[in-house]
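First up is the structure itself, then whatever we jot down about it.
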Amino acid sequence: MNEYLKRIITEALRRLYPELEIPEIHLEKPRIAEHGDLATNVAMTLAKPLRMPPRGIAEALVNELKYDESQLESVDLAGPGFINFKFSPNWLYGALGEVFEKGDSYGKGTLLEGKRYQVEFVSANPTGPLTVGHGRNAVLGDTVARLFEWAGASVAREYYFNNAGRQMRVLGNSVSARYQQILGKDVEFPDGGYEGEYIRDIAAKMVEEYGDTYLSDPENVIFKETAEKVIFEDISVTLKRMNIKMDTYFNENDLYENGSIDDVLKRLEEKDLVYKEDGAVWFRTTKFGKEKDTVLVKSTGEPTYRLPDIAYHANKLDRGYDVCVDVFGADHIATYPDVISALSVLGYDKNRVDVLIYQFVTIVQDGKPFKMSTRKANFVTLDELMDEVGSDVTRFFFLMRSPGTHLEFDIAQAKESGEKNPVFYLQYAFARIQSIMRKVQETTEFKGEVDLKLLSHESEIKVIKSLLDFPDWIISAAMSKEPHRLINYLNELATDFHKFYHDCRIMGEDEKLAQARVQLLQAVSLVMKNGLTILGIEAPERM
RNA sequence: GCGCCCGUAGCUCAAUUGGAUAGAGCAACUGCCUUCUAAGCAGUAGGUUACAGGUUCGAGCCCUGUCGGGCGUACCA
């Protein structure tokens with residue numbers, strides 16, 4: 001339909017103003033239903049180049065426009081110069097038919113067909129269980145990946161981690177200290193160590209397994225290695241519970257072993273973008289508009305995290321992905337411009353790296369905000385949260401707001417199983433349809449072809465139109481990396497359905513009409529299911 | 001100090017990326033089930049989109065400044 005409208009508008013313009021360079025025709029869905037199904041503002045944008053009033057242009061255009069009346073019901077001039085198009089019911093019924101043809105794959109687009117995407121997310125180092133803070137990252141990353149898939153791309157999900165470095169040493173020392181304490185040795189807990197209960201659990205397990213074997217060897221790497229193994233196991237179980245499956249895990253350490261770190265450094269040196277000072281190696285980030293240069297290698301010889309970050313991104317791009325998406329919390333916002341600068345210097349197209357930055361999550365418990373810190377063991381883990389509210393609610397809460405705004409996670413509201421909880425509105429709509437279907441199937445058997453033309457009630461038409469919007473919203477949510485748009489859409493669809501069902505009954509109606517309505521419900525059910533699938537949320541048969 | 005993000009109904013948030021009359025949910029009030037899920041529907045009330053300018057046919061959205069909040073601004077990740 002979009003293409004059709006663009007074509008006839010362009011043709012009309014060409015006839016009216018042969019001299020004019022015809023701009024890209026912009027079509028949008030008016031906010032208000034009375035303004036039609038699609039509208040264009042070409043007349044307004046042409047006002048300046050043509051030096052004519054927008055309404056005058058619009059009027060001429062409307063008069064000149066030739067269209068097929070079986071497709072378009074009306075074309076109107078409105079407001080300051082909008083041209084509003086209203087689809088004919090005939091076109092709507094035809095389009096609705098296509099929904100059934102596509103079925104489970106209705107909504108799948110071709111925009112990103114043939115593209116290879118990679119989404120890197122979670123990427124928490126194995127120092128402790130995933131917390132609610134990681135939750136937003138995990139769920140956003142996974143859902144954005146699903147959206148890319150529905151937009152036609154092939155997508156790889158990657159988890160990047162570092163099991164070397166200072167953090168992990170502290171982790172090992174923390175376990176070692178607890179291990180010794182359990183065995184009765186009076187050792188002091190390391191300053192800044194991980195205080196969480198899970199450290200004790202790991203130590204206890206080691207006592208069980210090895211007895212006091214390592215009591216005389218508190219520096220043994222086995223403490224760190226065991227902790228890493230146990231914690232990773234724990235993390236992957238948590239992810240699985242949340243419906244998240246990683247394709248690859250990438251260890252930062254590989255970048256050292258395969259020489260990419262040195263290689264990147266050498267290539268930056270060749271471009272004269274690094275220099276030595278005070279025993280450290282610096283990256284001339286001032287050349288890219290930064291206030292200060294950035295240290296890449298400390299005077300101890302150890303790289304800062306920025307260098308492996310650059311090498312890692314180069315590595316990802318070398319693996320042939322068309323686009324690599326990073327999912328970052330707001331605290332990482334400062335680091336990625338350096339990575340981008342370095343990559344373009346190294347000859348990569350910086351548009352191949354895309355970053356989704358989300359604002360922090362505030363947990364609200366008993367009406368009060370709750371500050372978290374992994375090291376201080378002052379946190380709510382994702383597992384605890386899911387024990388309380390389940391994974392559907394957890395995913396939904398992380399997705400329902402724009403990534404760009406701070407998210408307030410109200411545990412009380414999430415626990416609420418009734419109308420206060422917004423997930424249920426969607427799931428209920430689906431379950432309600434299933435129930436109606438079951439009932440109808442018990443009592444009636446429809447014969448003959450479905451006649452969609454019988455769906456002429458205002459709220460039926462509204463439902464049909466909403467159903468047809470689904471693919472557009474997937475693209476919109478995918479390209480903006482904002483899954484909440486899909487949720488907003490599904491909410492509207494659910495509202496349209498409930499309204500329809502309030503206005504229109506099925507049983508007791510004329511059989512052909514009932515049949516058409518059942519068909520319509522099937523379409524709603526299908527879209528609802530596909531939508532919830534993208535969100536990674538279950539569509540329950542009954543509630 | 002400087003940089004990035006945010007500021008919309010009492011509360012939590014939308015607003016299809018510059019479009020027409022700024023919308024939902026919760027909280028408050030009023031109606032609607034003897035029959036297919038009322039976890040629903042319909043309605044009332046609630047706004048100078050933090051503030052002041054600017055850009056243009058048109059601004060919650062873009063630009064400048066001010067105020068308020070978050071995050072950065074490490075030879076931490």
Side-chain angles (χ1 to χ4, degrees), chain A residues 26 28-32 34-35 39 41 43-45 47-48 53-55 78-82 84 124-125 127 162 165-167 252 277-282 289-292 294-306 308-309 329-335 337 357-360 362 364 367 400-402 404-410 413 416-425 427-429 431-440 442-444 469 472-473 475-477 480 482 484-485 487-489 491-492 494-495 497-503 505-508 514 542-543:
Chain A
H26 180 67
E28 63 190 14
K29 234 180 102 68
R31 246 199 288 250
I32 299 161
E34 286 76 54
H35 292 155
N41 61 352
M44 280 117 100
T45 57
K48 204 160 219 181
R55 277 192 72 100
F82 287 103
N84 296 336
N125 287 340
T127 57
N162 177 13
R166 201 180 58 88
Q167 271 186 58
E252 180 181 320
E277 195 174 287
D278 302 332
V281 178
W282 296 74
K290 269 213 157 184
E291 211 168 287
K292 279 178 69 181
T294 309
V295 172
L296 289 181
V297 184
K298 302 185 232 173
S299 50
T300 58
E302 211 181 344
T304 63
Y305 66 95
R306 233 164 269 239
D309 255 12
D331 54 339
H332 281 69
I333 195 159
T335 94
I357 290 174
Y358 60 90
Q359 300 298 313
F360 284 145
T362 320
V364 176
M400 72 182 181
R401 303 302 181 206
S402 154
T405 66
H406 294 266
L407 173 67
E408 194 154 296
F409 201 121
D410 187 333
Q413 191 191 5
E416 197 67 57
S417 60
E419 60 202 19
K420 280 187 194 164
N421 194 322
V423 197
F424 291 107
Y425 187 69
Q427 294 187 319
Y428 175 68
R432 198 179 186 192
I433 294 171
Q434 306 320 307
S435 164
I436 295 164
M437 298 298 202
R438 284 191 295 269
K439 202 76 174 188
V440 170
E442 277 171 24
T443 53
T444 336
D469 285 340
D472 289 347
W473 281 107
I475 295 299
S476 163
S480 60
E482 293 184 347
H484 76 284
R485 295 185 185 208
I487 289 185
N488 290 160
Y489 163 77
N491 265 317
E492 261 176 55
T495 300
F497 153 67
H498 285 307
K499 171 112 173 82
F500 154 74
Y501 187 59
H502 183 262
D503 293 346
R505 305 256 94 181
I506 291 172
M507 291 167 76
R542 50 187 94 224
M543 285 175 76

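Reminder, nothing fancy here: chain letters follow the sequence lines and each chain counts from 1. This is a predicted model, so every value here is computed, not measured.
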Pairing check on B/A28: which nucleotide meets the Watson-Crick or G-U wobble criteria with it, both distances under 3.5 Å? B/U44
Using purine N1 to pyrimidine N3 plus N6-O4 or O6-N4 for Watson-Crick, or N1-O2 and O6-N3 for G-U wobble, both under 3.5 Å, which nucleotide pairs with B/C57? B/G19
Any donor and acceptor pair, going by atom type alone, linking the side chain of A/N125 with main-chain N or O of A/T127 inside 3.5 Å? no
Rounded to the nearest Å, what distance is computed from the CE atom of residue A/M437 to the C1' atom of nucleotide B/C36? 12 Å
Once you apply a heavy-atom cut-off of 4.0 Å, does A/E252 come out as touching a base, just sugar-phosphate, or nothing? nothing
How close or far is atom C1' of B/C13 from atom OH of A/Y358, stated in whole angstroms? 20 Å
Answer with base, sugar-phosphate or nothing: what part of the nucleic acid does A/A429 contact at a heavy-atom distance below 4.0 Å? nothing
Specify the residue among A/T405 and A/R438 whose closest nucleotide of RNA chain B lies further upstream toward the 5′ end. A/T405
Base, sugar-phosphate or nothing for A/I436? Non-hydrogen atoms, less than 4.0 Å. sugar-phosphate
Measure from the ring centre of A/Y425 to the centre of the six-membered ring in the base of B/A39, then say whether that distance is under 5.5 Å and the planes meet at under 30°. no
B/A77 base / A/D309 side chain donor-acceptor hit below 3.5 Å: no
Within the structure provided, determine whether A/Y425 and A/P422 are in side-chain contact (heavy-atom separation under 4.5 Å). no
In terms of ring plane angle, is the pair A/F500 and A/F497 parallel, tilted or perpendicular, where the classes change at 30° and 60°? tilted
Touch class at under 4.0 angstrom, heavy-atom based, for A/H498 against every strand present: sugar-phosphate
Check the distance between B/G19's P and A/H26's NE2 and give it to me in whole angstrom. 7 Å
Side chain of A/S435, backbone of A/A431: donor and acceptor closer than 3.5 Å? no
Pick one for B/U66: is it syn, with its angle within 90° of 0, or anti? anti
Which nucleotide, if any, forms a Watson-Crick or G-U wobble pair with B/U73, using both distances under 3.5 Å? B/G1
Interatomic distance, A/R306 CZ vs B/A77 C1' [rounded to whole Å]: 10 Å
Scanning all shown strands, the Watson-Crick or wobble mate of B/U8 with both distances under 3.5 Å is none
Determine the interplanar angle of the A/Y428 and A/H498 rings, folded into 0 to 90°, and report it as parallel if under 30°, tilted if 30 to 60°, perpendicular if over 60°. parallel
Any donor-acceptor N/O pair under 3.5 Å between B/A39 base and A/Y428 side chain: no
Find the distance A/M44:CE to B/G58:C1' and express it as a whole number of Å. 7 Å
How many whole angstroms separate atom CD1 of A/I357 from atom C1' of B/G70? 14 Å
5' priority, RNA chain B, between A/G508 and A/P30 [closest heavy atom]: A/P30
Is the aromatic ring centre of A/H484 closer than 5.5 Å to the centre of the six-membered base ring of B/A14, with the two planes inclined by less than 30°? no
When the distance from NE2 of A/H406 to C1' of B/U8 is rounded to whole Å, what number comes out? 15 Å
Is A/D278 touching bases, backbone alone, or none of the nucleic acid, heavy atoms closer than 4.0 Å? base
If you check the A/R505 side chain, which of B/G72, B/C13, B/C36 turns out closest? B/C36
Any A/N162 side-chain heavy atom under 4.5 Å of A/Y305 side chain: no
Torsion-based syn/anti label for B/C41, 90° from 0 as limit: anti
Write down the distance between NE2 (A/H502) and P (B/C32), rounded to a whole number of angstrom. 11 Å
So A/S480, base contact, sugar-phosphate only, or nothing? Heavy-atom distance under 4.0 Å. base
Do the side chain of A/S299 and the base of B/C75 come within less than 3.5 angstrom through a donor-acceptor pair of N or O atoms? yes
Is any side-chain N or O of A/N41 under 3.5 Å from a base N or O of B/G19, one able to act as donor and the other as acceptor? yes
